[in-house]
> 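One structure, as structure tokens, below. Some questions next.
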2 protein chains.
Amino acid sequence: MSLKHALLGLLAEGPASGYELTKRFELSLANVWSAKHSQIYPELRKMAAEGWLVAGEEGSRGRKEYVITDDGRAELRRWLVEVRPERAGRNESMLRVFFLWTLDPAEAVAYLEREAAAAHAYVERLTALDALVAWDESGADFMGRLALEEGLLIAQVQAEWAEWAAEQIRSGRDATTLTGRRRRPPTKRQR
Amino acid sequence: MSLKHALLGLLAEGPASGYELTKRFELSLANVWSAKHSQIYPELRKMAAEGWLVAGEEGSRGRKEYVITDDGRAELRRWLVEVRPERAGRNESMLRVFFLWTLDPAEAVAYLEREAAAAHAYVERLTALDALVAWDESGADFMGRLALEEGLLIAQVQAEWAEWAAEQIRSGRDATTLTGRRRRPPTKRQR
DNA sequence: GCTCGACATGTCAAGCGTTACATGTCAAGA
DNA sequence: TCTTGACATGTAACGCTTGACATGTCGAGC
């Protein structure tokens with residue numbers, strides 16, 4: 001149900017066509033949300049009917065540009081400040097961990113090591129992206145970079161966790177004898 | 001598409017009815033996956049038709065118990081070792097961060113502080129759960145506890161990130177002047 | 001002049017997931 | 001005895017998402 005709000009957020013930066021919005025999902029937002037044109041085009045029409053957007057006249061090649069309305073901005077704001085985000089309901093990679101006991105220990109270790117490698121690769125990807133982007137002083141870039149940083153931190157923790165978990169299995173432990181979890185120090189609130 | 005495999009994984013521990021499996025999703029798996037009985041019952045019938053399960057005869061109150069077959073175990077194994085988990089396509093809370101620039105800085109800070117508090121609360125919940133569970137030496141408990149630990153680490157990082165991000169906004173920074181990111185040391189591979 | 005690829009929009013079928021509706025059994029306790 | 005709540009299963013409508021199919025325009029380069 002967040003597609004509408006993702007579109008409102010993108011259109012808050014300025015008018016855009018369905019095609020351009022589709023590209024935004026493939027590029028800047030790819031790590032955070034996804035949507036195909038087949039969903040975006042009908043959705044934009046619904047949002048226009050709702051009064052959150054208005055469509056400009058057709059440009060060349062049938063291009064249709066949408067502009068966010070005050071109602072649209074109000075809805076975006078309402079969503080941000082009033083609707084509590086729900087804690088992730090689904091996490092496929094954690095689900096898999098629950099069932100690793102059905103494999104041989106060596107296979108489970110191999111699985112976790114591949115996960116660690118994938119997380120490392122993702123860290124590399126995000127780091128490269130961060131270096132590549134010509135960040136400016138806009139609010140949008142500011143928030144984009146903060147979000148990228150969050151993704152980076154989480155991927156790093158996932159990599160470390162997977163290596164630790166693999167080591168636990170390798171050394172023949174069980175749920176009652178886990179060792180050396182790098183629990184972070186009891187979080188100090190800043191200020 | 002993982003519901004089938006989640007059910008296979010649960011049934012790998014032993015026979016169960018749709019009702020019991022529904023409870024498992026509400027309890028042990030709640031932080032990782034969700035499914036309602038209205039989806040589970042039809043899915044079990046499809047999986048039995050597929051040959052992954054067999055249904056026992058009806059018990060009292062119409063209870064139907066399903067048992068995993070060798071084909072079912074093979075499919076679970078195939079999913080675990082051959083199918084690469086896809087990197088999370090959707091993350092609503094990160095999506096929201098992208099659009100925080102549309103709010104006043106003070107509101108954005110308040111938003112992030114609420115997120116930090118929510119993450120802290122979740123850490124507490126998981127910590128309490130970890131202390132409450134009577135972990136045994138089974139493989140299932142071992143993997144369950146490893147997964148719980150992963151959730152804990154991620155929630156801790158999220159809390160720290162949100163506090164750091166709020167501080168960045170409070171001190172009037174932008175994408176070109178971020179400070180003090182607690183980047184973890186370049187990951188040392190264990191052994 | 002033609003061809004190719006990016007630009008640009010659209011529909012449709014099928015699968016996944018949630019909510020609401022619907023029904024019936026059994027055991028415990030008042 | 002009756003009521004209540006946990007046990008237990010099911011269907012139907014609706015919304016979200018994907019993948020496949022479909023169509024057409026415009027500019028660059030051969």
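Throughout, a chain's letter reflects where its sequence line sits, starting with A, and its residues are numbered from 1. This one's a predicted model, so the numbers in the text were calculated from it and none came from an experiment.
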> With the threshold set at under 4.0 Å for non-hydrogen atoms, list the residues of residues 38-51 of chain A touching DNA chain D in residue-number order.
A:Ser38, A:Gln39
> Tell me every residue that passes side-chain hydrogen bond (donor to acceptor under 3.5 Å, both in side chains) with A:Thr22, counting only those two or more places apart in sequence or in another chain.
none
> In a table with atom names and distances, give each donor-acceptor pair under 3.5 Å that connects a side chain of residues 137-144 of chain B to protein atoms at least two apart or in another chain.
residue, atom, partner, partner atom, Å
B:Ser138, OG, B:Asp136, OD1, 2.5
B:Ser138, OG, B:Asp141, N, 3.1
B:Asp141, OD2, B:Asp136, N, 2.8

> Mind calculating the distance between CZ (A:Phe25) and C1' (D:dT18) to the nearest angstrom?
15 Å
> Suppose we screen for side-chain hydrogen bond (donor to acceptor under 3.5 Å, both in side chains). Which residues come up paired with B:Thr176, at least two apart in sequence or across chains?
B:Asp174
> At the 4.0 Å heavy-atom cut-off to chain B, mark where contacts on DNA chain C begin and end, going 5' to 3'.
C:dC16 to C:dC26
> ring-ring contact (aromatic ring centres under 6.0 Å, His included) with B:Phe98: which residues, sequence neighbours excluded?
none
> Using a strict heavy-atom distance below 4.0 Å, which residues from residues 15-23 of chain B are in contact with DNA chain D?
B:Ser17, B:Gly18, B:Tyr19
> List the steps and the verdict of side-chain contact (heavy atoms from CB on, under 4.5 Å) for A:Leu146 and B:Trp101.
CA-CA 11 Å; A:Leu146 292 179; B:Trp101 65 271; over 6 Å; no
> Using ring-ring contact (aromatic ring centres under 6.0 Å, His included) as the criterion, list what pairs up with B:Trp79, not counting sequence neighbours.
B:His5
> For DNA chain D, find the residues of residues 54-68 of chain B with a heavy-atom distance under 4.0 Å and give them by number; none if there aren't any.
B:Arg61, B:Gly62, B:Arg63, B:Lys64
> If you look only at distance, which donor and acceptor atoms sit under 3.5 Å apart when one is on a side chain in residues 38-52 of chain A and the other is two or more places apart or in another chain?
residue, atom, partner, partner atom, Å
A:Tyr41, OH, A:Tyr19, N, 3.4
A:Glu43, OE2, A:Lys4, NZ, 2.6

> Are the side chain of B:Ser171 and the backbone N or O of B:Glu167 linked by a donor-acceptor pair below 3.5 Å?
yes
> In whole Å, what is the span from the NZ atom of B:Lys36 to the P atom of D:dC14?
18 Å
> Taking salt bridge (Lys or Arg N to Asp or Glu O under 4.0 Å) as the test, write out the residues that go with B:Glu13, two or more places apart.
B:Arg24
> For the atom pair OG1 (B:Thr179) and CZ (B:Arg173), what is the distance rounded to the nearest 0.5 Å?
4.0 Å
> Tell me, please, which residues at least two apart from B:Arg77 pass salt bridge (Lys or Arg N to Asp or Glu O under 4.0 Å).
A:Glu107
> Does the distance from a Lys or Arg side-chain N to an Asp or Glu carboxylate O, for B:Glu115 and A:Arg84, drop under 4.0 Å?
yes
> Is the closest basic N to carboxylate O distance between B:Arg63 and B:Glu65 below 4.0 Å?
yes
